[in-house]
Enquirer: 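Sharing a structure below in structure tokens format, with a few things to ask.
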Amino acid sequence: MKELSKLKIAHAQAVAFSRVWQKEGEQCIDRLKQRHPLSGSQLESVDYQLHLLMSTSSLTKTKSPSAVFNFELKTETPDLTMKDEHFLVEFSHDQLNEFFMSLERIQEQLDVLS
């Protein structure tokens with residue numbers, strides 16, 4: 001309730017919210033975990049490989065860079081055990097640049113929140 005008071009929520013509403021949360025909070029969190037596909041997921045590691053195709057038999061002096069990322073996630077299952085998941089993502093140079101710029105925008109938005 002102290003946290004709610006710090007947010008300048010009226011005492012009566014803070015008390016009501018606190019009572020409901022004590023009674024229903026755990027069930028609410030469980031329902032949210034079931035609805036969100038990445039609930040309980042944590043990024044464990046990222047491996048990457050860079051590829052550069054210099055030319056082919058039909059095209060000379062062709063440069064075609066790409067990056068392949070292997071993401072390893074630990075995901076909490078409904079029975080509260082952890083499951084390893086891997087997925088690969090391949091980016092061209094332009095796609096990787098766009099992805100990086102998206103991450104930069106996300107970081108800027110997170111910085112504003114903190």
Side-chain angles (χ1 to χ4, degrees):
M1 230 169 67
K2 291 178 186 177
E3 289 82 12
L4 295 174
S5 298
K6 289 178 187 176
L7 296 173
K8 299 183 179 164
I9 294 176
H11 181 71
Q13 284 132 350
V15 169
F17 182 83
S18 181
R19 287 181 184 159
V20 170
W21 186 254
Q22 286 175 347
K23 184 177 177 185
E24 304 290 333
E26 190 173 332
Q27 293 171 353
C28 180
I29 290 171
D30 288 342
R31 285 192 301 269
L32 288 172
K33 283 182 178 179
Q34 292 171 0
R35 287 178 32 195
H36 194 283
L38 294 177
S39 67
S41 294
Q42 295 176 349
L43 182 61
E44 284 292 312
S45 68
V46 178
D47 295 320
Y48 64 92
Q49 295 178 352
L50 301 175
H51 299 274
L52 182 59
L53 178 63
M54 296 301 288
S55 65
T56 65
S57 59
S58 60
L59 298 171
T60 60
K61 296 185 180 179
T62 301
K63 291 184 181 177
S64 179
S66 66
V68 178
F69 292 87
N70 180 13
F71 295 94
E72 179 185 350
L73 297 176
K74 294 260 188 215
T75 304
E76 187 176 321
T77 62
D79 65 352
L80 303 178
T81 59
M82 297 303 279
K83 179 177 90 171
D84 290 341
E85 294 184 79
H86 294 266
F87 66 95
L88 296 173
V89 180
E90 184 171 0
F91 292 107
S92 68
H93 181 267
D94 292 337
Q95 291 170 325
L96 184 58
N97 188 50
E98 185 178 326
F99 179 67
F100 176 75
M101 297 308 288
S102 296
L103 291 176
E104 285 293 313
R105 283 191 296 276
I106 292 168
Q107 184 62 53
E108 288 171 4
Q109 293 170 350
L110 290 172
D111 291 344
V112 168
L113 295 174
S114 58

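Computed over heavy atoms, backbone and side chain alike; hydrogens, waters and symmetry mates excluded.
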Enquirer: CD/E72 to CD/E85 distance, rounded to the nearest 0.5 angstrom?
Expert: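 Those atoms lie 10.5 Å apart.
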Enquirer: Could you list all the side-chain hydrogen bond (donor to acceptor under 3.5 Å, both in side chains) pairs where at least one residue sits in residues 19-28, not counting sequence neighbours?
Expert: none
Enquirer: Can you tell me how far the CD atom of E108 sits from the CZ atom of R105, to the nearest 0.5 Å?
Expert: 8.5 Å
Enquirer: Check this for me: E98, atom CD, are more than 12 non-hydrogen atoms of other residues, nucleotides or ligands nearer than 6.0 Å?
Expert: no
Enquirer: In Å, rounded to the nearest 0.5 Å, how long is the span from CD of E90 to CD of Q49?
Expert: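 The CD atom of E90 sits 10.0 Å away from the CD atom of Q49.
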Enquirer: Any non-hydrogen side-chain atom of Q109 less than 4.5 Å from a side-chain atom of L113?
Expert: no
Enquirer: Do L88 and L50 belong to the same hydrophobic cluster, where Ile, Leu, Val, Met, Phe, Trp and Tyr are linked whenever their side-chain heavy atoms lie under 4.5 Å apart, directly or via other members?
Expert: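 As far as the 4.5 Å side-chain criterion goes, L50 and L88 are not connected within one cluster.
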Enquirer: Find out whether L43 and L73 are in side-chain contact, i.e. whether some heavy atom of one side chain is under 4.5 Å from a heavy atom of the other.
Expert: yes
Enquirer: Which pairs, with at least one residue in residues 87-114 and sequence neighbours excluded, count as a ring pair (Phe, Tyr, Trp, His ring centres under 6.0 Å)?
Expert: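 Every ring pair (Phe, Tyr, Trp, His ring centres under 6.0 Å) pair that includes a residue of residues 87-114, provided the two are not neighbours, is F69-F91, F71-F87, F91-F99.
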Enquirer: Which residues satisfy the side chain to side chain donor-acceptor pair (under 3.5 Å) test with Q95, sequence neighbours excluded?
Expert: S92
Enquirer: Are L96 and V89 joined in one hydrophobic group, where the rule is that I, L, V, M, F, W and Y side chains link up if heavy atoms are under 4.5 Å apart?
Expert: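 Yes, because L96 and V89 connect within a single hydrophobic cluster, where side-chain heavy atoms sit under 4.5 Å apart.
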